[in-house]
Number of protein chains: 2
Amino acid sequence: MKPAARKKPANAEGRIRARNHARILDAAITIFTQKGYDGTTIAEIAAAAGLPKANVYYYFKTKKAIYTTLVANLIDQWDAALDNLRSDRDPAEALAGYIRAKLEFSRLHAAQSQMFASEVVHGGRFLTRANLRHMHAITLEKVKVFRAWARAGKMDPVDPIHLFILLWGSTQYYADFEVMAVNELGRRRVRPADFDKAAETITAIVLKGCGVRTKPR
Amino acid sequence: MKPAARKKPANAEGRIRARNHARILDAAITIFTQKGYDGTTIAEIAAAAGLPKANVYYYFKTKKAIYTTLVANLIDQWDAALDNLRSDRDPAEALAGYIRAKLEFSRLHAAQSQMFASEVVHGGRFLTRANLRHMHAITLEKVKVFRAWARAGKMDPVDPIHLFILLWGSTQYYADFEVMAVNELGRRRVRPADFDKAAETITAIVLKGCGVRTKPR
DNA sequence: CCAGAACCTGACCAAAGCGTCAACTTTTTC
DNA sequence: GAAAAAGTTGACGCTTTGGTCAGGTTCTGG
């Protein structure tokens, strides 16, 4: 083999590799979301990416490798909205910001939310223990925030995990169960105004429901 | 053909037919839930039902026929919990009852809830327009109940559809996203006590959050 | 008891899909 | 400009799966 110095460093991908890698993942997430892992074919992903099927295997070893790369990306994004929740913030603003951020994610990344939902509904067979531990650890950090607010008298001492489940279930619904959301909203698609109304409604119910106050009592 | 009187009436199925029909559906819902429509094989359903594969085709014309029969059954069950919501009831009791009923369904029929969730997450390709119209019509009936309570000053005039989405999203989460629920609860499975705590927490937040009062002001 | 109906089933077929491969083309580097 | 590396791709092999079929068995009613 020729001198190793000639080989590109692993993180210095060429522009062709980076472009095709991204194209495949973009195409894949749309189709995995619509059809699920087993209902999606490599030929469909290739066609949507504008590449011959065999070429997909040049960039990803297997179909499962494509899917698990997407799942790993989704875990990274799951964390981001939780940054709103810091104990040094006013709980009304922090919770309102979190709800808004979660709904923005549902609105702008419906496919990612749906794909993650699909994965979890089917038992999370591609979620690793490390994925689950990570998400649990992050959540426990934020549980502390809720507890700190409760100790400071800024909100009622509601069970933080069940509160998170209520927050996640309600905000993700608009993306994950879009078919039901549009049906019940009487629309063809969820509009930005619907997301605004959702943010307003969920925020009002949660703040009032958790006894959130902007001043300590 | 022999005299029609000899043929059994369509609704007087023999015990063999009824038994095998039920066995196939019971087996199917478990596997469709775990693996999704495309990930499930007729051979797996047959094995779980204790029948040879070709025999399954004696009872159901196609794989899709099995699946859509299950979906139709799920629609029927979706309605039942909503019976709690009647305008002549006290809203605190009615909403608490509805939340409790939904959580009971999640606890006792997790597979059905997950299968329906999977169907919707993937765009509801096996949900018919009639299915969707039916669910929408039922919901609109209950929207009237919320509006009647608001007019009577028994609760705040929150947006009924967004409230339903919050109720559905939070109560179904324990079944649909069981993997996440157990992970965040720090458990191996969701226990009856967790459902009790969920009922208590969701009910408290929703009643307080919606300004539900047991006496008109 | 027998004929008809209902039920069962092993073997089979056609189609689909994951992944491979050898040969080719393009790009990159020296 | 040439060699090496990277990228491309049509054809193919193997396996799997939905569904069929012909022939068989069991059940039911007269």
Side-chain angles (χ1 to χ4, degrees), chain A residues 1-28 30-32 34-70 125-126, chain B residues 1-28 31-32 34-71 125-126:
Chain A
M1 189 184 186
K2 297 303 183 205
R6 188 169 172 76
K7 203 173 187 60
K8 285 202 177 86
N11 62 351
E13 283 180 359
R15 56 186 185 77
I16 295 176
R17 176 174 283 272
R19 184 193 67 187
N20 284 348
H21 196 269
R23 277 168 107 170
I24 291 167
L25 290 178
D26 285 347
T30 299
I31 309 177
F32 278 137
Q34 287 166 358
K35 303 186 169 196
Y37 181 81
D38 297 294
T40 297
T41 69
I42 295 295
E44 286 170 315
I45 294 176
L51 300 170
K53 194 184 81 162
N55 200 198
V56 172
Y57 288 95
Y58 179 75
Y59 294 97
F60 292 90
K61 180 110 181 72
T62 60
K63 181 181 181 184
K64 177 180 174 182
I66 300 171
Y67 190 87
T68 54
T69 299
L70 289 170
R125 63 175 157 152
F126 294 103
Chain B
M1 189 186 187
K2 296 300 186 209
R6 189 169 172 79
K7 201 174 187 63
K8 284 201 174 87
N11 62 352
E13 283 180 359
R15 57 188 186 76
I16 295 177
R17 177 173 283 275
R19 184 192 67 186
N20 284 347
H21 195 270
R23 276 167 109 171
I24 292 167
L25 291 177
D26 286 346
I31 310 177
F32 278 138
Q34 288 166 359
K35 302 185 170 198
Y37 181 81
D38 296 293
T40 296
T41 67
I42 296 293
E44 286 171 314
I45 294 174
L51 301 169
K53 193 183 83 163
N55 199 197
V56 173
Y57 286 98
Y58 177 74
Y59 293 98
F60 291 91
K61 180 102 179 76
T62 60
K63 181 182 182 184
K64 177 179 172 180
I66 301 170
Y67 190 88
T68 53
T69 298
L70 290 170
V71 166
R125 62 175 157 153
F126 294 103

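Values below: every heavy atom of this structure, side chains too, minus hydrogens, waters and symmetry copies. Below, chains carry the letters A, B, ... as their sequence lines are ordered, and counting in each starts from 1.
- The separation between B/Arg19 atom CZ and C/dC7 atom C1' is 11 Å, rounded to whole Å.
- Between A/Ile16 atom CD1 and C/dT25 atom C1' there is a gap of 11 Å when expressed in whole angstrom units.
- The distance from atom CD1 of A/Ile42 to atom P of D/dT16 is 17 Å, rounded to the nearest whole Å.
- Closest to the B/Thr41 side chain, of the nucleotides C/dG19, D/dG18, D/dT8, is D/dG18.
- One can place NE2 of A/His21 at 13 Å from P of D/dT8, the figure rounded to the nearest angstrom.
- Put simply, CZ on B/Arg23 is 13 Å from C1' on C/dC7, counting in whole angstrom units.
- Here the CG atom belonging to A/Asn20 is positioned 10.5 Å from the CZ atom belonging to A/Arg15, to the nearest 0.5 angstrom.
- For A/Arg17, counting side-chain heavy atoms from C-beta on, the closest listed nucleotide (C/dT20, C/dC7, D/dG7) is D/dG7.
- At least one donor-acceptor pair under 3.5 Å links the side chain of B/Thr40 to the backbone N or O of B/Ile31.
- Between A/Phe126 and A/Tyr37, the ring planes are tilted. Angles from 30° to 60° get that label.
- In terms of phosphate contacts, B/Asn20 brings no side-chain nitrogen or oxygen within less than 4.0 Å of OP1 or OP2 of C/dA6.
- Set against D/dG18, C/dG19, C/dC7, the side chain of A/Lys53 has C/dG19 as its closest nucleotide.
- Between B/Tyr58 atom OH and C/dT9 atom C1' there is a gap of 13 Å when expressed in whole angstrom units.
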